[in-house]
Amino acid sequence: DIHLPKQYVLFDHDGGVDDFLSLLLLLHMPHIELLGISVTPADCYLETALLTTHKLLALAQRTDIEVSGGNYHGVNAFPSDWRAKPKILNALPDMINVDTPGAAHYDDSVNFIRRKLATAPGPVTVLLTGPCSNLVHALEQDPTLAAKVGEVVWMGGAVDVIGNVKTYNHNGTAEWNVFWDPISAHKLFRAGLPVTIVPLDATNHVPVSFDFLQQLAQQSDYFFSNLAGQFWATTIDTIPAYEYTYFMWDVLTTSYLAIPEAFDFEMVELEATPMGASAGNTHRAPSSGQWVKMAVNVRKEDFYAYLFRQLRQP
Ligand code: AGV
Ligand code: CA
């Protein structure tokens, strides 16, 4: 990834544990210039997620990167216990005393994204590891900004596999990031932007396993390996485990920016169901013209090797 061309990135995450692991990776990618971070209050509570974001920027000595918080709340809220869970990150021994003096955030992610796209010195990769609402709303307000988007990279969808939403009045075909705001997802695929998705079809191959964590712990002398190991350990207690395994959803998606050659892709015409019992279902829509680049597989050995390498950086 040393030889990759410089890439401007705008990162919108939604405060889950793997969203923050994604931020750790991103901050250590030499070819990435991170233009800003926006937080969607989806799989998190906003204040907690903003604090974790600022703490990680302080630890990586990157407090120059601007942060913003989103005000839009999707139509299908995440379960409260999932949203509350990542607060534990701020209590970890390596996090609890990290000061964030002067940390501030812009109180509107839509304006923030508009400003960041408008002032970007070149094409921007917009990395989304939560719902796509902020980006879609920004482009709706100012459609000319679409010209500044080089690629949208989104952890979202479940195309040829079942979804991970299990709730009332729903048939289980949707992935959560799409389900939270299915209307915006519907619009995103219609917008004619170059969109790459990393759906459950790809992420199902990479659960967070004990094997992986044991191997990572062997390089705990590296600060960020140790920190990442602690973050991942907080995801292991999901009960019942047979129903909710934690996957490397966002981590895999973020790694695409550095090791695209480790993935297999398929070009598909896709639509997201905007409402109803299958709201958020990302399904094939032949002849819609809504082409999306979809990750279908990853070479696991290359992916894990990349993670170990990346987390050995100072
Ligand atoms: O559907 C995957 C998305 C990813 O962006 N999120 C978690 C990742 O950050 C929602 C989600 C699905 N299952 C979950 C989730 C679980 N068991 N706990 C927390 N979040
Ligand atoms: Ca997420």
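Owing to the predicted nature of the structure, the values given are computational and were not obtained by experimental measurement. In each ligand, atom 1 is the first atom listed, and ligand 1 is the first ligand listed.
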Cationic N near anionic O, under 4.0 Å, Lys116 to Glu66: yes
N or O contact, Asp250 vs ligand 1, cut-off under 3.5 Å: yes
More than 12 heavy atoms of other groups within 6.0 Å of Gln61 CD: no
For Asp43, atoms of ligand 1 separated by under 4.0 Å from a heavy atom: 6 (N), 7 (C), 10 (C), 11 (C), 15 (C), 19 (C), 20 (N)
Heavy-atom pair of closest approach, residues Asp19 and Phe11: O-CZ, 3.8 Å
Ligand 1 atoms in contact with Asp18 (distance to a heavy atom under 4.0 Å): 8 (C), 9 (O)
Contacts of the Ca ion (ligand 2) with protein N/O/S atoms, counting only those under 3.0 Å: Asp14 OD1, Asp19 OD1, Asp19 OD2, Thr129 O, Asp250 OD2
Lys/Arg N to Asp/Glu carboxylate O, Arg62 vs Asp64, below 4.0 Å: yes
Residues Thr282, Glu175; criterion side chain to side chain donor-acceptor pair (under 3.5 Å); working and verdict: CA-CA 8 Å; Thr282 45; Glu175 181 279 324; over 6 Å; no
Asp19 and ligand 1 - part of the residue with a heavy-atom distance under 4.0 Å: side chain
Side chain to side chain donor-acceptor pair (under 3.5 Å) between Gln7 and Thr125, intermediate numbers included: CA-CA 7 Å; Gln7 205 176 339; Thr125 299; 2.8 Å; yes
Contact (N/O only, under 3.5 Å) between Tyr246 and ligand 1: no
Listed once per pair and sorted, the salt bridge (Lys or Arg N to Asp or Glu O under 4.0 Å) pairs that draw on residues 130-145, sequence neighbours left out: Glu140-Lys187
Sequence-distant partners of Phe20, ring-ring contact (aromatic ring centres under 6.0 Å, His included), two or more places apart: His13
Which segment of Glu175 sits under 4.0 Å of ligand 1 when only heavy atoms are counted: side chain
Polar contact flag for Thr245 and ligand 1 (N/O pairs, less than 3.5 Å): no
Sub-4.0 Å heavy-atom approach of Phe78 to ligand 1: yes
Hey, can you pull the donor-acceptor pairs under 3.5 Å for the side chains in residues 92-102, sequence neighbours left out?
residue	atom	partner	partner atom	Å
Asp94	OD2	Asn226	ND2	3.3

Distance-only N or O hit between ligand 1 and Asn177, under 3.5 Å: yes
Lys6 vs Glu33, salt bridge (Lys or Arg N to Asp or Glu O under 4.0 Å): CA-CA, chis, key distance, verdict: CA-CA 7 Å; Lys6 179 191 182 122; Glu33 185 169 331; 2.8 Å; yes
